[in-house]
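Below is one structure, written out as structure tokens; the observations come after it.
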Amino acid sequence: MNVAIILAGGKGERFGGEVPKQFVVLHGHRVMDYAIKAFEQHPGIDKIIIVVPANWKAEIAIEYPQHLVVLGGDTRRESSYNGLIACPEDTDKVLLHDAARPFLDYDTIQRVLDALKKYDAVDTAIAATDTIIEVKENIITDMPVRDFLYQGQTPQGFNYKVIRKAHESIFVETTDDIRLAIEMGIQCVSVAGSQFNFKITSSNDLYMAERVTQIIAVKTAEAPQLDGKKVLIFGGTGGIGSALREILRSQNADVTALGSEVDLTKDTLPESLTRDWDIIIHTAGIFIKKPFSELSVAEWDRVMAVNLRSAFLVAQLARKTMKQGGWLTFIGSSSSHRGRTSQSVYAASKAALNNLTQSLAAEFLDDNIKVNCINPPRTDTPMRHQAFPGENRDLLADPGHVAKDILKYCTGEETGHIVNLKYSTQFRAKR
Ligand code: CTP
Ligand code: MG
């Protein structure tokens with residue numbers, strides 16, 4: 001069997017803070033939860049062991065009854081040994097991973113598992129992009145050629161017996177497990193890691209991690225179950241709204257798609273909308289492309305009312321009608337994280353939607369209402385064509401693709417996610 005060991009036993013002294021960095025909440029989940037999830041979702045992993053400090057053991061064990069939670073040691077080396085001796089007897093391969101690396105992806109786990117078919121010790125690494133220098137007391141003592149330099153990450157994968165033997169026979173100080181295998185004379189190979197799989201070490205890294213949680217790809221989840229779901233769409237007649245409606249209808253959902261018949265600038269929504277919805281999608285929006293100097297306060301108010309103020313009404317409706325829980329999904333825009341020329345009020349309204357999502361997700365937890373915001377890239381919609389006539393449509397995202405990705409967040413456990421969709425066409429598009 002293949003075992004993943006999550007090393008969450010450190011104190012995080014360089015990071016500082018009230019709790020060790022692996023227990024800090026990042027976008028609604030603890031830092032360590034991300035890596036645990038990545039291993040849970042990989043079918044090549046049969047068992048997960050979480051190594052934690054003594055004062056966290058009870059809490060984490062309650063949270064993860066399906067995994068084995070064991071005590072860490074004073075050093076990383078001791079923690080990883082404690083994980084190793086807790087492995088079941090029939091363990092064949094182990095993957096040791098730093099809990100402080102939340103953005104472990106499926107493909108990296110796969111590369112390690114593949115290499116383990118041939119080798120007993122596998123490291124994950126990325127090529128060094130900075131020049132590495134060795135410095136002792138401010139004096140540069142060495143400057144190895146960068147072409148051969150890599151930065152080691154985790155997971156590090158091993159043949160179980162080999163790494164146990166290394167731990168039991170090699171006694172050097174080390175910050176990872178590969179060193180022990182090397183010292184024992186084992187041939188160690190490296191496979192590609194990922195730039196996103198960085199370790200949270202100082203508090204600045206958490207800031208970067210917060211940004212990364214907003215750009216990681218959409219979940220690759222199986223097709224969502226939408227059969228019989230009662231779905232309300234605001235903006236259901238626009239480009240993305242129509243695509244959503246079509247997919248939902250083809251999957252036998254019970255869809256109500258609203259267009260301009262509901263005035264979102266009013267103080268209330270029609271009473272007739274108070275029905276037991278499972279999913280509410282807010283994709284209504286207006287776009288005014290105008291230099292700030294030409295913008296009137298009336299235009300400002302109208303965009304803010306339709307794009308943002310209406311989200312308040314829609315969230316109230318969700319709260320009122322989703323007694324058994326449900327999904328509230330806002331559709332934002334790539335302008336929410338980049339204000340562009342002549343889009344000031346639009347970009348501002350969409351940016352606010354992102355933060356509103358995070359606050360509502362936290363406040364609606366007890367109601368079991370999941371709140372997410374999906375920011376599509378520039379999409380091939382009538383609204384887009386009107387604002388940007390003559391634009392090369394090859395560089396625009398297909399509304400059907402966007403709708404499919406939106407629906408992945410209209411079921412499932414995720415909440416508080418801000419998802420910035422990106423498709424290969426967008427990388428070629430002008431920013
Ligand atoms: N780790 C561990 N047990 C230890 C020390 C470290 O399980 N006694 C884990 C950390 O929780 C982390 C990983 O090993 O996930 C990488 O270590 P590092 O980044 O050095 O974390 P800390 O040791 O906690 O941080 P610091 O060195 O700043 O105190
Ligand atoms: Mg350390």
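As the structure is a computational prediction, the values presented were derived from the model and not from experiment. Atoms within a ligand are numbered from 1 in the order they appear, just like the ligands themselves. The analysis underlying the following values was restricted to heavy atoms, covering all of them including side chains, and did not include hydrogens, waters or symmetry mates.
- Within the 4.0 Å heavy-atom criterion, neither part of R101 lies near ligand 1.
- Between T75 and ligand 1 there is a heavy-atom distance shorter than 4.0 Å.
- The existence of a salt bridge linking D33 and R30 is excluded, since no basic side-chain nitrogen approaches an acidic carboxylate oxygen closer than 4.0 Å.
- More than 12 heavy atoms of other residues, nucleotides or ligands sit less than 6.0 Å from atom NE2 of H29.
- Taking a cut-off of under 4.0 Å to the non-hydrogen atoms of A8, the atoms of ligand 1 that pass are 7 (O), 11 (O).
- At a heavy-atom distance under 4.0 Å, no atom of M32 approaches ligand 1.
- Among protein heavy atoms, atom 16 (C) of ligand 1 sits closest to D98 OD1, 3.5 Å.
- Residues T357 and L353 approach most closely at OG1-O, 2.8 Å, considering heavy atoms.
- Few gaps surround NZ on K47; more than 12 heavy atoms of other groups in view lie less than 6.0 Å from it.
- Any N or O atom pair closer than 3.5 Å counts here, and G10 shares at least one such pair with ligand 1.
- In this structure, a donor-acceptor pair under 3.5 Å is absent between the side chains of N82 and E78.
- Only the backbone of D74 comes within contact range of ligand 1, with a heavy atom under 4.0 Å; no side-chain atom does.
- A pairwise comparison of heavy atoms in Q153 and I126 identifies NE2-CD1, 3.7 Å as the closest pair.
- Of the protein's non-hydrogen atoms, the one nearest atom 24 (O) of ligand 1 is G12 N, 2.7 Å.
- A side-chain donor from one of S335 and R340 sits under 3.5 Å from a side-chain acceptor of the other.
- In terms of polar-atom proximity, S79 is counted as a contact of ligand 1, with an N or O under 3.5 Å from an N or O of the ligand.
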Candidate pair Q358 and N354, rule side chain to side chain donor-acceptor pair (under 3.5 Å), full reasoning: CA-CA 7 Å; Q358 293 175 327; N354 287 188; over 6 Å; no

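- Looking only at heavy atoms of the protein, atom 26 (P) of ligand 1 is closest to E13 N, 3.4 Å.
- From the protein, the heavy atom lying nearest to atom 20 (O) of ligand 1 is R14 NH2, 2.9 Å.
- Closest to atom 21 (O) of ligand 1, if we only count protein heavy atoms, is K21 NZ, 3.2 Å.
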Which is it for T108 and R111 under the side chain to side chain donor-acceptor pair (under 3.5 Å) test, yes or no, and what are the steps along the way? CA-CA 5 Å; T108 301; R111 285 192 288 272; 3.1 Å; yes

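- Between the side chains of N372 and E414, no donor N or O sits under 3.5 Å from an acceptor N or O.
- Contact annotation: for Q22 versus ligand 1, heavy atoms closer than 4.0 Å belong to the side chain alone.
- Residue A100 approaches ligand 1 through these ligand atoms, each under 4.0 Å from one of its heavy atoms: 15 (O).
- Considering backbone and side-chain N/O of A99, one or more are found under 3.5 Å from N/O of ligand 1.
- What sits closest to atom 15 (O) of ligand 1 on the protein, heavy atoms only, is L7 O, 2.8 Å.
- With salt bridges taken as basic N to acidic carboxylate O contacts below 4.0 Å, one links D177 and R76.
- Between the side chains of N368 and K370, a donor-acceptor pair is found at a separation under 3.5 Å.
- At the shortest separation from atom 17 (O) of ligand 1 among protein heavy atoms lies R76 CD, 4.4 Å.
- Taking every non-hydrogen atom of G73 and a distance limit under 4.0 Å, the qualifying atoms of ligand 1 come out as 8 (N).
- Ranking the protein heavy atoms by distance from atom 7 (O) of ligand 1 puts G9 N, 2.7 Å first.
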